[in-house]
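If you're wondering where the values come from, they're calculated on a predicted model, not measured in any experiment. Chain naming here is simple, since letters A, B, ... match the order of the sequence lines and numbering starts at 1 in each.
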Amino acid sequence: GAVVSQHPSRVICKSGTSVKIECRSLDFQATTMFWYRQFPKKSLMLMATSNEGSKATYEQGVEKDKFLINHASLTLSTLTVTSAHPEDSSFYICSAAPGGHQPQHFGDGTRLSIL
Amino acid sequence: SQQGEEDPQALSIQEGENATMNCSYKTSINNLQWYRQNSGRGLVHLILIRSNEREKHSGRLRVTLDTSKKSSSLLITASRAADTASYFCATDPTGANSKLTFGKGITLSVRP
(Lines give C-alpha, C1' and ligand atoms only; values in the text may rest on other atoms or scores of the structure.)
Protein backbone atom coordinates (compact mmCIF):
# COMPACT_ATOMS: atom_id res chain seq x y z
CA GLY A 1 0.00 0.00 0.00
CA ALA A 2 0.81 3.72 0.11
CA VAL A 3 1.86 4.13 -3.49
CA VAL A 4 2.70 7.51 -4.96
CA SER A 5 2.87 7.83 -8.72
CA GLN A 6 4.68 10.65 -10.47
CA HIS A 7 4.43 11.52 -14.13
CA PRO A 8 6.22 12.09 -16.43
CA SER A 9 9.46 10.41 -15.46
CA ARG A 10 11.50 12.46 -17.90
CA VAL A 11 10.98 15.68 -19.79
CA ILE A 12 13.26 17.34 -22.30
CA CYS A 13 12.07 20.65 -23.69
CA LYS A 14 13.14 24.00 -25.02
CA SER A 15 13.78 27.06 -22.91
CA GLY A 16 10.62 29.08 -22.34
CA THR A 17 8.32 26.09 -22.21
CA SER A 18 6.09 25.46 -19.22
CA VAL A 19 6.17 21.93 -17.86
CA LYS A 20 3.57 20.24 -15.66
CA ILE A 21 4.45 17.37 -13.35
CA GLU A 22 1.75 15.26 -11.71
CA CYS A 23 1.88 13.51 -8.36
CA ARG A 24 -0.85 11.05 -7.46
CA SER A 25 -1.54 9.03 -4.35
CA LEU A 26 -2.92 5.79 -5.74
CA ASP A 27 -4.35 4.03 -2.71
CA PHE A 28 -4.80 6.71 -0.10
CA GLN A 29 -5.98 10.26 0.24
CA ALA A 30 -3.40 12.95 0.77
CA THR A 31 -4.44 16.35 2.07
CA THR A 32 -0.78 17.29 2.06
CA MET A 33 1.90 16.52 -0.49
CA PHE A 34 5.48 17.73 -0.64
CA TRP A 35 7.57 18.80 -3.61
CA TYR A 36 11.35 18.46 -3.54
CA ARG A 37 14.17 19.33 -5.86
CA GLN A 38 17.39 17.36 -6.02
CA PHE A 39 20.63 18.36 -7.71
CA PRO A 40 23.15 15.70 -8.81
CA LYS A 41 24.76 13.93 -5.87
CA LYS A 42 22.97 16.26 -3.48
CA SER A 43 20.27 16.00 -0.89
CA LEU A 44 16.60 16.72 -1.36
CA MET A 45 15.59 20.32 -0.95
CA LEU A 46 12.00 20.94 0.07
CA MET A 47 10.41 23.42 -2.31
CA ALA A 48 6.85 23.61 -1.09
CA THR A 49 4.05 21.94 0.81
CA SER A 50 0.96 21.35 -1.30
CA ASN A 51 -2.32 21.63 0.60
CA GLU A 52 -5.57 20.25 -0.80
CA GLY A 53 -8.08 23.01 -1.38
CA SER A 54 -5.81 25.84 -0.33
CA LYS A 55 -2.64 27.62 -1.35
CA ALA A 56 0.68 25.91 -1.25
CA THR A 57 3.27 26.90 1.32
CA TYR A 58 6.60 27.71 -0.28
CA GLU A 59 10.01 27.45 1.35
CA GLN A 60 12.21 30.49 1.56
CA GLY A 61 13.84 31.34 -1.73
CA VAL A 62 11.41 29.37 -3.90
CA GLU A 63 9.54 31.55 -6.38
CA LYS A 64 5.84 30.76 -6.18
CA ASP A 65 5.14 32.36 -9.57
CA LYS A 66 7.83 30.20 -11.13
CA PHE A 67 6.75 26.95 -9.54
CA LEU A 68 2.96 26.81 -9.56
CA ILE A 69 1.38 24.19 -7.37
CA ASN A 70 -2.21 23.03 -7.59
CA HIS A 71 -3.74 20.47 -5.25
CA ALA A 72 -7.31 20.26 -6.50
CA SER A 73 -8.18 16.81 -5.20
CA LEU A 74 -7.23 14.49 -2.38
CA THR A 75 -5.18 12.33 -4.72
CA LEU A 76 -3.52 14.75 -7.12
CA SER A 77 -1.04 17.57 -6.83
CA THR A 78 0.62 19.22 -9.81
CA LEU A 79 3.79 21.26 -10.08
CA THR A 80 4.11 23.53 -13.11
CA VAL A 81 7.50 24.98 -13.91
CA THR A 82 6.59 28.10 -15.84
CA SER A 83 8.78 29.48 -18.62
CA ALA A 84 11.49 27.00 -17.78
CA HIS A 85 15.14 27.85 -18.32
CA PRO A 86 18.27 25.69 -18.25
CA GLU A 87 18.88 26.51 -14.59
CA ASP A 88 15.55 24.84 -13.78
CA SER A 89 16.93 21.54 -15.00
CA SER A 90 16.86 19.18 -12.07
CA PHE A 91 15.27 16.10 -10.54
CA TYR A 92 11.88 16.86 -8.99
CA ILE A 93 10.33 14.46 -6.51
CA CYS A 94 6.99 14.50 -4.73
CA SER A 95 5.90 12.72 -1.58
CA ALA A 96 2.82 12.19 0.53
CA ALA A 97 2.04 10.58 3.86
CA PRO A 98 -1.20 8.62 4.47
CA GLY A 99 -3.24 10.40 7.08
CA GLY A 100 -0.51 12.97 7.36
CA HIS A 101 1.53 10.57 9.47
CA GLN A 102 5.12 9.60 8.81
CA PRO A 103 6.72 8.00 6.95
CA GLN A 104 6.36 9.77 3.66
CA HIS A 105 6.06 7.84 0.43
CA PHE A 106 7.83 9.14 -2.62
CA GLY A 107 7.13 9.18 -6.31
CA ASP A 108 9.82 7.99 -8.70
CA GLY A 109 10.80 11.52 -9.60
CA THR A 110 10.85 13.56 -12.80
CA ARG A 111 14.08 14.36 -14.58
CA LEU A 112 13.61 17.79 -16.18
CA SER A 113 16.11 18.90 -18.80
CA ILE A 114 15.73 22.33 -20.35
CA LEU A 115 17.73 22.93 -23.51
CA SER B 1 18.01 24.19 6.24
CA GLN B 2 20.12 21.06 6.27
CA GLN B 3 19.78 19.28 9.57
CA GLY B 4 20.84 15.70 9.03
CA GLU B 5 24.47 15.11 8.27
CA GLU B 6 25.54 11.64 7.35
CA ASP B 7 28.97 10.14 7.43
CA PRO B 8 30.84 8.77 5.69
CA GLN B 9 29.86 10.45 2.44
CA ALA B 10 30.85 7.36 0.52
CA LEU B 11 31.36 3.77 1.55
CA SER B 12 32.68 0.85 -0.48
CA ILE B 13 32.55 -2.66 0.92
CA GLN B 14 32.68 -6.26 -0.18
CA GLU B 15 29.52 -8.31 -0.46
CA GLY B 16 28.83 -10.07 2.82
CA GLU B 17 30.39 -7.35 4.96
CA ASN B 18 28.38 -5.08 7.22
CA ALA B 19 27.84 -1.43 6.37
CA THR B 20 27.47 1.19 9.07
CA MET B 21 26.27 4.70 8.29
CA ASN B 22 25.90 7.53 10.76
CA CYS B 23 23.68 10.58 10.92
CA SER B 24 23.83 13.60 13.18
CA TYR B 25 21.20 16.28 13.60
CA LYS B 26 20.74 19.52 15.45
CA THR B 27 17.25 20.08 16.80
CA SER B 28 14.71 18.06 18.78
CA ILE B 29 12.79 15.57 16.70
CA ASN B 30 9.60 13.50 16.66
CA ASN B 31 11.30 10.75 14.73
CA LEU B 32 14.18 9.98 12.42
CA GLN B 33 13.86 8.04 9.21
CA TRP B 34 16.24 6.33 6.82
CA TYR B 35 15.56 6.23 3.11
CA ARG B 36 17.25 4.57 0.20
CA GLN B 37 17.56 5.97 -3.33
CA ASN B 38 18.66 4.05 -6.36
CA SER B 39 20.23 6.12 -9.09
CA GLY B 40 17.65 8.26 -10.89
CA ARG B 41 14.75 7.01 -8.81
CA GLY B 42 12.61 8.20 -5.96
CA LEU B 43 13.22 7.45 -2.30
CA VAL B 44 12.17 4.25 -0.62
CA HIS B 45 11.40 4.34 3.08
CA LEU B 46 13.48 1.85 5.04
CA ILE B 47 12.82 2.40 8.71
CA LEU B 48 11.45 4.97 11.15
CA ILE B 49 12.58 5.30 14.73
CA ARG B 50 10.70 7.47 17.19
CA SER B 51 12.37 9.82 19.63
CA ASN B 52 11.50 7.57 22.57
CA GLU B 53 13.01 4.50 20.92
CA ARG B 54 16.67 3.55 21.07
CA GLU B 55 16.95 0.68 18.64
CA LYS B 56 14.88 -0.85 15.90
CA HIS B 57 15.31 -3.80 13.57
CA SER B 58 13.87 -4.62 10.17
CA GLY B 59 15.28 -7.64 8.37
CA ARG B 60 18.98 -6.97 7.79
CA LEU B 61 18.63 -3.38 8.97
CA ARG B 62 19.36 -2.15 12.46
CA VAL B 63 18.87 1.47 13.44
CA THR B 64 19.91 3.13 16.66
CA LEU B 65 19.01 6.54 17.97
CA ASP B 66 20.78 8.52 20.67
CA THR B 67 18.80 11.67 21.33
CA SER B 68 21.32 12.93 23.89
CA LYS B 69 24.00 12.95 21.20
CA LYS B 70 21.53 13.78 18.45
CA SER B 71 22.79 10.94 16.33
CA SER B 72 21.60 7.80 14.62
CA SER B 73 23.24 4.89 12.89
CA LEU B 74 22.05 2.50 10.20
CA LEU B 75 23.63 -0.92 10.05
CA ILE B 76 23.10 -3.18 7.06
CA THR B 77 24.27 -6.69 7.83
CA ALA B 78 25.49 -9.23 5.29
CA SER B 79 25.41 -6.68 2.49
CA ARG B 80 24.52 -7.61 -1.05
CA ALA B 81 25.40 -6.03 -4.37
CA ALA B 82 21.74 -5.00 -4.63
CA ASP B 83 22.20 -2.80 -1.54
CA THR B 84 24.28 -0.44 -3.68
CA ALA B 85 22.43 2.89 -3.49
CA SER B 86 22.40 6.25 -1.75
CA TYR B 87 21.10 6.32 1.79
CA PHE B 88 19.60 9.37 3.46
CA CYS B 89 18.60 10.10 6.98
CA ALA B 90 15.67 12.47 7.45
CA THR B 91 14.49 14.10 10.62
CA ASP B 92 10.95 15.05 11.49
CA PRO B 93 11.61 18.06 13.73
CA THR B 94 9.13 18.86 16.47
CA GLY B 95 6.74 21.58 15.43
CA ALA B 96 7.64 21.35 11.76
CA ASN B 97 4.25 20.06 10.54
CA SER B 98 5.67 16.82 9.15
CA LYS B 99 8.22 18.59 6.95
CA LEU B 100 11.24 16.34 6.75
CA THR B 101 14.80 17.61 6.64
CA PHE B 102 17.21 15.42 4.72
CA GLY B 103 20.91 14.88 5.11
CA LYS B 104 23.28 14.94 2.17
CA GLY B 105 23.28 11.19 1.80
CA ILE B 106 25.79 8.37 1.78
CA THR B 107 26.72 6.53 -1.38
CA LEU B 108 27.12 2.84 -0.63
CA SER B 109 28.85 0.58 -3.13
CA VAL B 110 28.80 -3.15 -2.47
CA ARG B 111 31.28 -5.05 -4.58
CA PRO B 112 30.22 -8.54 -5.66
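- Within 6.0 Å of NE2 in A/H7 there are 12 or fewer heavy atoms belonging to other residues, nucleotides or ligands.
- With a threshold of 4.5 angstrom between heavy atoms, A/Q38 approaches chain B through side-chain atoms but not through N, CA, C or O.
- By the rule that hydrophobic residues join a cluster once side-chain heavy atoms approach within less than 4.5 Å of another member, A/L76 and A/F34 end up as members of separate clusters.
- The environment of B/E53 atom CD is dense: over 12 non-hydrogen atoms of other residues, nucleotides or ligands sit within 6.0 angstrom.
- Atom CZ of B/R54 sits in a crowded spot, with more than 12 heavy atoms from other residues, nucleotides or ligands closer than 6.0 Å.
- The local environment of NZ in A/K55 is sparse, with at most 12 non-hydrogen atoms from other residues, nucleotides or ligands closer than 6.0 Å.
- Other residues, nucleotides and ligands contribute at most 12 non-hydrogen atoms within 6.0 Å of the NZ atom of A/K20.
- Within a 6.0 Å sphere centred on CZ of B/R60, other residues, nucleotides and ligands contribute more than 12 heavy atoms.
- Within the model, atoms CG of B/L100 and CZ of A/F106 stand 6.0 Å from one another, a figure rounded to the nearest 0.5 Å.
- Separating the NZ atom in A/K42 from the OG atom in B/S86 is a distance of 12.5 Å, to the nearest 0.5 Å.
- Looking at A/Q60, there are no atoms closer than 4.5 Å to chain B (heavy atoms on both sides), in backbone or side chain.
- The other residues sharing a hydrophobic cluster with A/V62 are A/V11, A/V19, A/I21, A/W35, A/M45, A/M47, A/Y58, A/F67, A/I69, A/L79, A/V81, A/Y92, A/L112, A/I114, where clustering joins ILVMFWY side chains under 4.5 Å apart.
- Residues A/S43 and B/F102 approach most closely at OG-CB, 3.2 Å, considering heavy atoms.
- Of all residues in residues 33-49 of chain B, those placing a non-hydrogen atom less than 4.5 angstrom from a non-hydrogen atom of chain A are B/Q33, B/Y35, B/Q37, B/G40, B/R41, B/G42, B/L43, B/H45, B/L48.
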